[in-house]
Number of protein chains: 2
Amino acid sequence: MLPELKIQQLRYVITVVEEGSFHGASRRLHRTQPAISMAVRELEHRLGQNLFERGVQNRLTPFGEYCLPRFRDLVSQHDRTAKDVVSQADGQEGHIHIATVPSVASRIMPSFLAEFIDRFPGLNISLHDENAHYVCQMVAHGEVDLGITSLWQSDEELEYTHLFEDKVGVVCRHDHAFAEKQALDWQSLQGEKLIRNGTSRLLMGTAATELVENSAFYISNMISLIAMLEAGAGITTLPRLAFPEHSANLRFIPLSDPIVVRKIGLVKAANRTLSPAAQAMQAFVLEKLRYKEG
Amino acid sequence: MLPELKIQQLRYVITVVEEGSFHGASRRLHRTQPAISMAVRELEHRLGQNLFERGVQNRLTPFGEYCLPRFRDLVSQHDRTAKDVVSQADGQEGHIHIATVPSVASRIMPSFLAEFIDRFPGLNISLHDENAHYVCQMVAHGEVDLGITSLWQSDEELEYTHLFEDKVGVVCRHDHAFAEKQALDWQSLQGEKLIRNGTSRLLMGTAATELVENSAFYISNMISLIAMLEAGAGITTLPRLAFPEHSANLRFIPLSDPIVVRKIGLVKAANRTLSPAAQAMQAFVLEKLRYKEG
DNA sequence: ATTGAGTGATAAGAAAGGCTTATCAGGTGG
DNA sequence: CCACCTGATAAGCCTTTCTTATCACTCAAT
């Protein structure tokens, strides 16, 4: 019942008015004059009314005067929509929600995001830090677009792309006997008071398993853990990234036997397409963080 | 640079979302399923991003979620524009400015316009009454769309369509010697005190010319003229339509020799296209008023 | 008056788009 | 396991849209 107003036809009409002639419009639109002429006539025919006075001079009819501002509005909304949609599609604009484990959030993301927002100034980023389990859950539930974390457990809903490995070492106070060592093996740790933390499960299934099983303390909160270590209450194991590097009193000694690593990777929901902005972030993450040693 | 978003494609996308499937959309849009499929793919390809998740289920991608409300807005503005433009084109809506001489305005227009607005309820009408000269001028200057008037003088800018003739007669008080006559000729008027008015020029160039030339009074204002006649200050000539028919004291006697008529017609600007609403009015005027005796 | 450069309209044919029919492939429920 | 749903794909047709070539008209300068 309603005729379709093709954006292009409306643009032709507007340009003819602006240029004051069909020829002028045809030059500006890179079309031949008959193309404009026929398109305008077709529209007029479909509306049942002429838009331009024919014969003497090509000015608008009263009906054309009525239509012109409406046509302009429609075309300008079209252009605005197209621009918005395209810049969204290009990843020039948009929102990204990303979640990482705290160590990555504090050690990797600051400089990484600085570089990212420099390259994509139109993007709006929200960074959440949570433990590995919850990061995966947020990704699976669609609360964030991407996660950078170690994989909690293999999950069909999640797609994991490996980025780098983070070697586990021993953390002790500077006055501990281990403090000056270059490396340690698990046997050396026997008899030490080992405090477990959220990352200790990495040692399970390795030669060091029994160390963990014999440990009597567990502290999940990192701040509390650091305080305990600084108080000389014991030692712990941490991936290097999780070791607070500015700590004056604590030392990190690599564990050489067994070599235990935390695998850090990019996680996304398997059957969900990323927003264009998140795709840009994904590509940037892969370009900048893949295969680097943490 | 900007891709053109074709209204139809956007409508396809919206319908697919609303129906929840390509097949459903194709049924509602009276198209085959491949038509929808290909159109959507073409749009996705042009935007460089998918709108729908392919494979498992056809729900929107995040990008699609972003686009959908914008597409809806654009399509709905398109539909509003198309509706407005069409109802304007059909003459279902719009403004008409019309000017007539006072006699037509008061004797013809009331019932005529009542019927017109009944037939075209969406139209908005402004009626001006002015003397014949000014009516023509308003039409020529585009201040009104149409005039109903006698033609002041032939004018290339004006297009005149004859409607009816208005016979001139003699107007006198009920106690005047002429009051009971059925007709009068110009010789009978000699010696009477004739008051000229704006319509007296109609007699110029007829056998009654000298009557007018010998008249000493001229009154342009109709109210004053009536008052003078009712006071018995003289007689005048008027076209029948201009005679105040409800006057108790005045009588109208047709002039039989010479028979003088005021030609009333529809006047429009020659090289201006009428608005659709005014076209409807024009057609209605020609249908209702042409060839009627006034 | 004539001519030349401007305007828009028109016709015929080529190119591009959009639609349909026919068919395939994947997933789901009896 | 098969019928039936979904969407994708290919070939061909038909419509739309564009270009080229040409005409008719107006206006201004010669």
Side-chain angles (χ1 to χ4, degrees), chain A residues 2-47 49-61 63-64 75 78 82 156-157 270-273, chain B residues 2-47 49-61 63-64 75 78 82 156-157 270-273:
Chain A
L2 282 178
E4 194 192 308
L5 306 173
K6 290 179 203 138
I7 297 298
Q8 184 167 248
Q9 286 180 321
L10 305 188
R11 215 187 286 281
Y12 284 2
V13 170
I14 291 165
T15 310
V16 169
V17 173
E18 284 175 1
E19 292 288 320
S21 78
F22 284 58
H23 274 86
S26 75
R27 281 187 289 271
R28 216 175 87 190
L29 294 164
H30 309 294
R31 290 282 126 78
T32 56
Q33 168 262 317
I36 311 296
S37 212
M38 293 188 310
V40 171
R41 286 184 85 68
E42 196 277 336
L43 177 61
E44 289 178 331
H45 185 255
R46 205 138 40 79
L47 294 176
Q49 285 284 335
N50 280 2
L51 293 162
F52 293 95
E53 298 283 7
R54 300 312 164 99
V56 200
Q57 267 292 318
N58 58 342
R59 57 174 203 291
L60 287 167
T61 59
F63 177 62
V75 169
H78 166 275
E156 283 212 338
E157 289 182 28
N271 48 17
R272 218 189 318 267
T273 301
Chain B
L2 283 178
E4 192 192 309
L5 306 174
K6 291 179 201 139
I7 297 298
Q8 185 166 243
Q9 286 179 321
L10 305 188
R11 215 186 287 280
Y12 284 2
V13 170
I14 291 166
T15 309
V16 169
V17 173
E18 284 175 1
E19 291 289 320
S21 77
F22 283 59
H23 275 85
S26 75
R27 280 187 290 270
R28 215 174 88 189
L29 295 163
H30 309 293
R31 292 282 127 79
T32 56
Q33 168 263 315
I36 311 295
S37 211
M38 291 188 311
V40 171
R41 284 186 87 68
E42 197 277 336
L43 178 61
E44 289 179 331
H45 184 255
R46 205 137 40 79
L47 294 176
Q49 286 285 335
N50 281 2
L51 293 162
F52 292 95
E53 298 283 6
R54 299 313 164 99
V56 201
Q57 268 292 318
N58 58 341
R59 56 176 205 290
L60 287 167
T61 59
F63 177 63
V75 169
H78 166 275
E156 285 212 338
E157 289 182 28
N271 48 17
R272 216 188 320 263
T273 300

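Numbered from 1 within each chain, the chains take letters A, B, ... in sequence-line order. Just so it is clear, the values below take in all heavy atoms, side chains as well, and ignore hydrogens, waters and symmetry mates.
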**OP:** Any chance you could list the contact pattern along nucleotides 11-16 of chain D? Use B for base contacts, S for sugar-phosphate-only contacts and - for none, protein heavy atoms under 4.0 Å, 5' to 3'.
**Re:** -----S

Original post:
Can you check whether Asn50(B)'s main-chain N or O pairs, donor with acceptor, with Thr61(B)'s side chain at less than 3.5 Å?
Top reply: yes

**OP:** Would you indicate what Arg27(A) reaches in the nucleic acid, counting non-hydrogen atoms under 4.0 angstrom: base, sugar-phosphate, or nothing?
**Re:** sugar-phosphate

Original post:
For Arg11(B), which residues count as a side chain to side chain contact (heavy atoms under 4.5 Å, CB included) partner, sequence neighbours excluded?
Top reply: Ile7(B), Val75(B), His78(B), Asp79(B)

Original post:
Looking at DNA chain D, which of residues 28-36 of chain B put a heavy atom within less than 4.0 Å of it?
Top reply: Gln33(B), Pro34(B)

**OP:** Using side-chain hydrogen bond (donor to acceptor under 3.5 Å, both in side chains) as the criterion, list what pairs up with Glu42(B), not counting sequence neighbours.
**Re:** Gln9(B), Arg46(B)

Between the protein and nucleotides 3-5 of chain C, list every N/O to N/O distance that falls short of 3.5 Å.
none

Original post:
dT6(D) C1' sits how many Å from Phe52(B) CZ, rounded?
Top reply: 14 Å

Original post:
Do you know the tightest heavy-atom contact between Ala39(A) and Tyr12(A)?
Top reply: CB-CD2, 3.4 Å

Original post:
What bend angle does the helix from dA1(C)-dT30(D) to dG30(C)-dC1(D) show across its length, from five-pair end axes and to the nearest 10 degrees?
Top reply: 10°

**OP:** Can you sort out the partners of Glu18(A) under salt bridge (Lys or Arg N to Asp or Glu O under 4.0 Å), two or more places apart, ordered by chain and number?
**Re:** Arg28(A), Arg72(A)

Subject >> Test salt bridge (Lys or Arg N to Asp or Glu O under 4.0 Å) applied to Arg31(A) - qualifying residues, sequence neighbours left out >> reply: none

Subject >> Rounded distance (Å) that lies between atom C1' of dG8(C) and atom CG of Leu51(A) >> reply: 16 Å

**OP:** Measure from CZ on Arg59(A) to P on dG8(C) and round the result to the nearest Å.
**Re:** 14 Å

Original post:
Over how many whole Å does the gap from Phe22(B) atom CZ to dG26(C) atom P extend?
Top reply: 18 Å

**OP:** Could you tell me which non-hydrogen atom of Pro3(A) sits nearest to which non-hydrogen atom of Leu47(A), and how far apart they are?
**Re:** CG-CD2, 4.2 Å

Original post:
To the nearest 0.5 Å, what is the distance between OG1 (Thr15(B)) and CD (Gln8(B))?
Top reply: 10.0 Å

Original post:
OP1 or OP2 of dG8(C) less than 4.0 angstrom from a side-chain nitrogen or oxygen of Ser37(A), does that happen here?
Top reply: no

**OP:** Considering just the side-chain nitrogens and oxygens of Arg41(A), establish if one lies under 4.0 Å of OP1 or OP2 belonging to dG8(C).
**Re:** no

**OP:** Applying side chain to side chain contact (heavy atoms under 4.5 Å, CB included), name anything that partners Ser26(B), two or more places apart in sequence or on another chain.
**Re:** Gln33(B), Ile36(B)

Original post:
Do any side-chain nitrogens or oxygens of His23(A) fall under 4.0 Å of OP1 or OP2 in dG6(C)?
Top reply: no

Original post:
Of all residues at least two apart in sequence or in a different chain, which pass the side-chain hydrogen bond (donor to acceptor under 3.5 Å, both in side chains) check with Arg41(B)?
Top reply: none

Subject >> Atom-to-atom span, CD of Glu44(B) to C1' of dA8(D) - whole angstrom >> reply: 12 Å

**OP:** Give, for atom CG of Leu60(A) and atom CZ of Phe52(A), the distance between the pair rounded to the nearest 0.5 Å.
**Re:** 5.0 Å

**OP:** Using side chain to side chain contact (heavy atoms under 4.5 Å, CB included) as the criterion, list what pairs up with Arg27(A), not counting sequence neighbours.
**Re:** His23(A)

**OP:** Say whether, by atom type as modelled, one donor and one acceptor occur between the side chain of Glu53(B) and the main chain of Arg272(A) under 3.5 angstrom.
**Re:** no

Original post:
How long is the line joining CZ of Arg46(B) and P of dG17(C), in whole Å?
Top reply: 9 Å

**OP:** With a 4.0 Å heavy-atom cut-off, tell me which residues in residues 7-16 of chain B come close to DNA chain C, sorted by residue number.
**Re:** Gln8(B), Tyr12(B)

